[in-house]
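We use all heavy atoms of the structure for the numbers below, so side chains are in, but hydrogens, waters and symmetry mates are not.
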Amino acid sequence: MSTPKYKLLVLTDLSKACNIALENAVNLSKTIGGSIDVFHVMKSSDIAEYENQFSTMRSIDEERVNKKSQLKEIAKEIAEKSNITIRTHCILGNLKDEATEYIEAVNPDIIVLGKRTKKLANFLGDGFTKFILNSFEGSVLISGKEKALQPSEGMSLGMLNTTVDELPAVITNDLRKNNKSPMKRFHIRNEKEQMVQEANAENVITYEFENDSNTMNNIAKYVAKNNIGLLCINPHEKKSSGPLFNIQSNIKEVIQKINAPILIINNKSSIQLQ
């Protein structure tokens with residue numbers, strides 16, 4: 001068996017969204033060659049406290065056993081379908097502190113997060129997503145609401161306001177090695193730029209959008225229409241001025257409006273998520 005090229009770490013709250021994120025992580029690992037770890041932090045606030053210290057400790061132990069069992073069952077079911085080994089780890093403590101320590105220990109190349117709905121404010125909500133984006137220097141995969149990433153030649157790859165040259169060659173080549181269809185480039189154009197041809201020598205089809213208040217809604221429609229399985233973003237390339245040219249400051253809107261899994265490549269600087 002070949003050595004995995006990438007380490008993927010899925011941070012989960014055991015919700016449906018995070019289960020979908022795990023399946024997308026498995027499919028991504030099949031495409032690029034990766035190992036998978038799944039990590040869950042139990043919050044003390046979710047565990048019943050009693051006046052009797054012994055009863056409280058017993059409650060903590062029971063919850064720990066239940067969560068570990070639940071996590072292993074989820075991983076086992078997905079692992080058996082995909083024929084990929086998934087390692088699990090469950091701990092009680094402060095989410096950000098424990099996640100930071102585990103990330104340092106595992107040293108993943110890609111962290112995978114589930115996409116929460118607007119009505120749910122679970123621990124993998126905006127605050128934790130922002131924390132990961134601001135503290136982790138590797139790439140981050142924000143999963144879509146549904147399983148979209150498929151490890152096959154038919155998976156359609158997209159880029160948002162970036163080019164193939166602006167993406168790291170290694171991971172780009174690994175993503176494209178089994179994909180024969182052209183990549184789709186979604187580009188936000190300012191008034192000074194000239195229109196470009198939809199297809200070019202890079203085997204990329206480009207869709208251009210005017211920079212206005214409805215831009216991201218239009219891009220989201222085209223992403224869905226083209227059945228994009230993975231949308232790649234390099235938020236650190238400097239773009240022209242304008243409200244949506246700086247993807248770094250608008251990453252929240254990108255995450256909210258685009259349902260496809262979003263791979264934020266080499267996240268090495270602070271991203272605003274307010």
For residues [X] and [Y], report the shortest heavy-atom separation together with the two atoms involved.
{"X": "N234", "Y": "E166", "result": "ND2-O, 2.6 Å"}
{"X": "G34", "Y": "L8", "result": "CA-CD1, 4.3 Å"}
{"X": "L11", "Y": "C18", "result": "O-SG, 4.1 Å"}
{"X": "L231", "Y": "M159", "result": "CD1-N, 3.7 Å"}
{"X": "A75", "Y": "T88", "result": "CB-CG2, 3.5 Å"}
{"X": "T12", "Y": "L14", "result": "OG1-N, 2.8 Å"}

Starting at [atom1] of [X], measure out to [atom2] of [Y] and round the result to the nearest 0.5 Å.
{"X": "I258", "Y": "E253", "atom1": "CD1", "atom2": "CD", "value": "9.0 Å"}
{"X": "I20", "Y": "K16", "atom1": "CD1", "atom2": "NZ", "value": "5.5 Å"}
{"X": "H40", "Y": "L92", "atom1": "NE2", "atom2": "CG", "value": "9.5 Å"}
{"X": "E77", "Y": "S82", "atom1": "CD", "atom2": "OG", "value": "10.5 Å"}
{"X": "I188", "Y": "T215", "atom1": "CD1", "atom2": "OG1", "value": "6.0 Å"}
{"X": "K96", "Y": "I103", "atom1": "NZ", "atom2": "CD1", "value": "12.0 Å"}

Inset, instruction - Report the relative orientation of the aromatic rings in H89 and Y102; use parallel for angles under 30°, tilted for 30 to 60°, perpendicular for over 60°. - result: parallel
Inset, instruction - Determine the interplanar angle of the F209 and Y222 rings, folded into 0 to 90°, and report it as parallel if under 30°, tilted if 30 to 60°, perpendicular if over 60°. - result: perpendicular
Under the 3.5 angstrom rule, does the side chain of [X] hit a backbone N or O of [Y] as a donor-acceptor pair?
{"X": "S69", "Y": "N66", "answer": "no"}
{"X": "K184", "Y": "P182", "answer": "yes"}
{"X": "T85", "Y": "A79", "answer": "no"}
{"X": "D37", "Y": "L9", "answer": "no"}

Ignoring hydrogens and angles, state whether a donor on the side chain of [X] or [Y] is under 3.5 Å from an acceptor on the partner side chain.
{"X": "S143", "Y": "N24", "answer": "yes"}
{"X": "S15", "Y": "D13", "answer": "yes"}
{"X": "T100", "Y": "D97", "answer": "no"}

Inset, instruction - Tell me, yes or no, whether the heavy-atom count around K257 atom NZ, taken from other residues, nucleotides or ligands under 6.0 Å, exceeds 12. - result: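 It does: K257 NZ has more than 12 such atoms within range.
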Legend entry - Over 12 non-hydrogen atoms of neighbours within 6.0 angstrom of CD in Q70: yes
Side-chain heavy atoms of [X] within contact of [Y], under 4.5 Å:
{"X": "Q256", "Y": "M216", "answer": "no"}
{"X": "I265", "Y": "P168", "answer": "yes"}
{"X": "I171", "Y": "I110", "answer": "yes"}
{"X": "I32", "Y": "K5", "answer": "no"}

Inset, instruction - Given side chain to side chain contact (heavy atoms under 4.5 Å, CB included), test N203 with V164 step by step and report yes or no. - result: CA-CA 10 Å; N203 195 26; V164 172; over 6 Å; no
Legend entry - Stepwise side chain to side chain contact (heavy atoms under 4.5 Å, CB included) check, N161 with H187: CA-CA 5 Å; N161 237 35; H187 177 65; 3.5 Å; yes
Inset, instruction - Following the transitive rule for hydrophobic clusters with a side-chain heavy-atom cut-off under 4.5 Å over Ile, Leu, Val, Met, Phe, Trp and Tyr, establish whether V170 and L28 coincide in one cluster. - result: yes
Legend entry - Verdict with reasoning, Y207 to I219, per side chain to side chain contact (heavy atoms under 4.5 Å, CB included): CA-CA 9 Å; Y207 297 96; I219 291 176; over 6 Å; no
Inset, instruction - May I have the step-by-step check of side chain to side chain contact (heavy atoms under 4.5 Å, CB included) for C232 and L157, ending in yes or no? - result: CA-CA 8 Å; C232 300; L157 298 174; 5.5 Å; no
